[in-house]
Amino acid sequence: MLRVPDVGSTIMVHGTAEQKAEFLLPMVRGESRWCQGYSEPGSGSDLASLQTRAIRDGDDFVVNGQKIWTSGAHLANMIFMLVRTDPEAPKHRGITYLLSPMNVPGIEVRPLVQMSDARGFNETFFEDVRIPVKNAVGEINRGWYVGATHLDFERSSIGSAVGQRKMLDTLKAYLLKERDSKSGKTRLGQVDAPRLEFVDRYIEATVAKTLSQRVISMQARGLIPNYEASMTKVFSTEFNQRIARTSTKLLGLYGGLRDQKSDHTPMGGRWATMYLSSVSSTIAGGTSEIQRNVIATRGLGLPRG
Ligand SMILES: Cc1cc2nc3c(=O)[nH]c(=O)nc-3n(C[C@H](O)[C@H](O)[C@H](O)COP(=O)(O)OP(=O)(O)OC[C@H]3O[C@@H](n4cnc5c(N)ncnc54)[C@H](O)[C@@H]3O)c2cc1C
């Protein structure tokens, strides 16, 4: 929720000096917790069709509409959002990228419960919410391009590879300690398909790291990764799902348990939880199909379908 890599980077690229002073310092101090107001009930992959309306009134925009899937909105004290400021313009042109505190009058957050029992999502409603015009990042009506920069940073997933390698190391250590009560063997000591799968996950962890390093080296040179970020995002999120599948296979039937109070639940049930939660990672931040479209057109230069 600190969102230094995506909101922070977007403000650094498109923000004014005043916006940098106002928003970046609280971010790096860990004082601001951000949520993302992009998706709407009728606008997901086709994000440019968004309808949340912002009408200028003096020094403010007055915002009305609804966002959905706003992760962490119930915990956030700030929101970055895309709003329609010119309904007459072609759909990509009449959009503005706005920043707002969450505690202003007219914002209502309602929870949505996930299949993993987590309560991370929300619907967020805006009724006559006043947001200062000075909180628009980049040009008014050109926010689509600011929002796209944001997504490029969001999809970069540069920290994921480190976490994924660590997960595999933790699982390996656990499996090497656990011994079958009858055979006395460790689960990884048996030469069979799940062990070979585990080796594949290690190879993929190295690929994930290399993809991340490419994105990191671009960012370090001041470049904004685009299809490169989409490649990292597709690989990293689909890799998460493969890690979850392999881990639950290696842990056997107990691997499906999530009851943290039970002695039979391996490692606090984290793998079963990951099995459920990783499903959504190929949807969040733009689906794998959309990332593949980006790679096809901007990476490979293929014609639009
Ligand atoms: C865990 C999670 C967290 C999220 N957090 C947030 C958040 O904090 N803020 C926020 O604004 N949104 C958030 N979202 C929403 C997310 O950005 C959208 O779910 C996503 O962009 C897809 O939109 P949609 O669900 O409307 O699906 P749709 O756009 O309706 O897509 C349905 C299916 O059609 C496919 N499809 C659509 N268009 C094309 C195309 N042109 N080519 C090929 N296939 C296509 C999609 O890939 C998908 O399989 C989150 C989603 C998840 C799962």
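Numbers here simply count residues along the sequence, with the first being 1. One-based numbering, in listed order, for ligands and for the atoms of each. On a predicted model such as this, the values are computed, not experimentally measured, just so you know.
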* **Contact (N/O only, under 3.5 Å) between E289 and ligand 1** => yes
* Would you please say whether a donor-acceptor pair under 3.5 Å links the side chains of R201 and T246? => yes
* **Proximal candidate to atom 9 (N) of ligand 1 [heavy atom criterion; set Q291, E40, R292, Q36]** => Q36
* Asked: Nearest protein heavy-atom contact for atom 53 (C) of ligand 1: which residue, which atom, what distance?
  -> S280 O, 3.5 Å
* Are any of the side-chain nitrogens in K134 or E22 under 4.0 Å away from the carboxylate oxygens of its partner? -> yes
* Considering only the protein, which heavy-atom contact is closest to atom 23 (O) of ligand 1, and what is its distance? -> G44 CA, 3.2 Å
* To do: Spell out, yes or no, whether W271 and L250 are grouped together once hydrophobic residues are joined by side-chain heavy atoms under 4.5 Å, including indirect joins.
  => yes
* Asked: Does the protein put any heavy atom within less than 4.0 Å of atom 33 (C) of ligand 1?
  -> no
* Identity and separation of the nearest protein heavy atom to atom 5 (N) of ligand 1 -> S71 OG, 2.7 Å
* Return the residue, atom name and 0.1 Å-rounded distance of the protein heavy atom closest to atom 3 (C) of ligand 1. => F121 CE2, 3.2 Å
* Numbered atoms of ligand 1 (with element) below 4.0 Å of W69, judged on heavy atoms -> 4 (C), 5 (N), 6 (C), 7 (C), 8 (O), 9 (N), 10 (C), 12 (N), 13 (C), 14 (N), 15 (C), 50 (C)
* **Short side-chain donor-acceptor distance under 3.5 Å, T85 and N141** => yes
* Distance filter under 4.0 Å to Y38 heavy atoms, resulting ligand 1 atoms -> 11 (O)
* Asked: Is it true that D192 and R187 make a salt bridge, defined as a side-chain N closer than 4.0 Å to a carboxylate O?
  -> yes
* Structure fact -> the protein heavy atom lying closest to atom 39 (C) of ligand 1 turns out to be I290 CD1, 3.7 Å
* **Residue among I55, D128, V83, T52 satisfying side-chain contact (heavy atoms from CB on, under 4.5 Å) with N64** => D128
* **N-O pairing of D46 and K91 below 4.0 Å** => yes
* Pair E123, Q66: side-chain N/O donor-acceptor within cut-off below 3.5 Å -> yes
* Is T287 in polar range of ligand 1, meaning some N or O pair under 3.5 Å apart? -> yes
* **Geometric cation-pi criterion, R195 with Y202: 6.0 Å, 45°** => no
* Structure fact -> In terms of its nearest heavy atom to atom 42 (N) of ligand 1, the top option of I283, N293, T237, V279 is N293
* Are any of the protein's heavy atoms under 4.0 angstrom from atom 30 (O) of ligand 1, yes or no? -> no
* In the protein, what heavy atom is nearest to atom 27 (O) of ligand 1, and what distance, to one decimal place, separates them? -> S45 OG, 4.2 Å
* Asked: Does any donor atom in the side chain of Q36 or T70 lie under 3.5 Å from an acceptor atom in the other side chain?
  -> no
* Is there a donor in the side chain of S32 and an acceptor in the side chain of W34, or the other way round, less than 3.5 Å apart? -> yes
* Asked: What protein heavy atom is closest to atom 18 (C) of ligand 1, reported as residue, atom name and distance in Å?
  -> S39 OG, 3.9 Å
* Structure fact -> The protein heavy atom nearest to atom 51 (C) of ligand 1 is A284 CA, 3.7 Å
* Asked: Is the closest protein non-hydrogen atom to atom 15 (C) of ligand 1 under 4.0 Å?
  -> yes
